[in-house]
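Okay, structure first, notes after.
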Amino acid sequence: MNTVSIVTITTVLSVHADGHTANMRRLADRAMDLADHARHGYQLVSTGIIPGEEGTTIVDTLQKVEA
C-alpha cells in the first residue's frame with residue numbers, strides 16, 4: 001500500500017507599493033522552497049492564488065508517494 005505525504009507552501013504578497021522588495025524576496029523564498037521539496041521527491045499538484053484587500057496569497061500543494 002502506498003503512502004501519500006502532502007505539504008503546502010503559503011506565500012503572502014503585499015499590495016502596498018513599499019512592499020515590492022519584500023514581495024520579490026518572498027517569491028525567491030517560494031522558488032527555493034519548491035526546489036527543495038522537489039529534491040526530496042515532492043511534486044507540485046496545484047497552485048491556488050487568492051486575492052485579498054491587503055495582498056495576494058499563493059498556496060502551493062505538493063505530494064510525495066511512497067511505497
Side-chain angles (χ1 to χ4, degrees):
M1 182 171 180
N2 292 338
T3 302
V4 178
S5 298
I6 298 173
V7 154
T8 60
I9 298 171
T10 303
T11 306
V12 179
L13 305 175
S14 174
V15 296
H16 302 290
D18 59 349
H20 178 72
T21 301
N23 285 343
M24 296 306 292
R25 185 175 59 249
R26 289 181 188 118
L27 289 171
D29 289 346
R30 174 180 171 259
M32 287 190 302
D33 285 344
L34 289 170
D36 186 47
H37 280 84
R39 280 191 294 278
H40 290 93
Y42 284 87
Q43 295 180 332
L44 182 63
V45 175
S46 69
T47 298
I49 300 174
I50 307 162
E53 290 183 24
E54 294 295 315
T56 300
T57 302
I58 303 169
V59 180
D60 297 299
T61 304
L62 302 99
Q63 74 175 15
K64 176 169 68 170
V65 178
E66 300 178 44

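- Ile49 and Pro51 make their closest contact through O-CD, 3.5 Å (heavy atoms, listed as atom of the first residue, atom of the second, distance).
- Interatomic distance, Leu62 CG to Lys64 NZ, rounded to the nearest 0.5 Å: 11.0 Å.
- For residues 16-35, the set of pairs meeting the ring pair (Phe, Tyr, Trp, His ring centres under 6.0 Å) definition, not counting sequence neighbours, is empty.
- The stretch residues 15-33 participates, sequence neighbours left out, in these salt bridge (charged side-chain N to carboxylate O under 4.0 Å, His left out) pairs: Arg30-Asp60.
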Report all side-chain donor-acceptor pairs from residues 4-13 shorter than 3.5 Å, counting only partners two or more places apart or in another chain.
from, atom 1, to, atom 2, distance (Å)
Ser5, OG, Glu66, OE2, 3.4

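- Sorted by first and then second residue, the salt bridge (charged side-chain N to carboxylate O under 4.0 Å, His left out) pairs involving residues 38-50 (not counting sequence neighbours) are Asp36-Arg39.
- Within the structure, ring pair (Phe, Tyr, Trp, His ring centres under 6.0 Å) contacts touching residues 31-51 (residues at least two apart or in different chains) are His37-Tyr42.
- Cluster partners of Val59, using a side-chain heavy-atom cutoff of under 4.5 Å among ILVMFWY residues and allowing indirect links, are Ile50.
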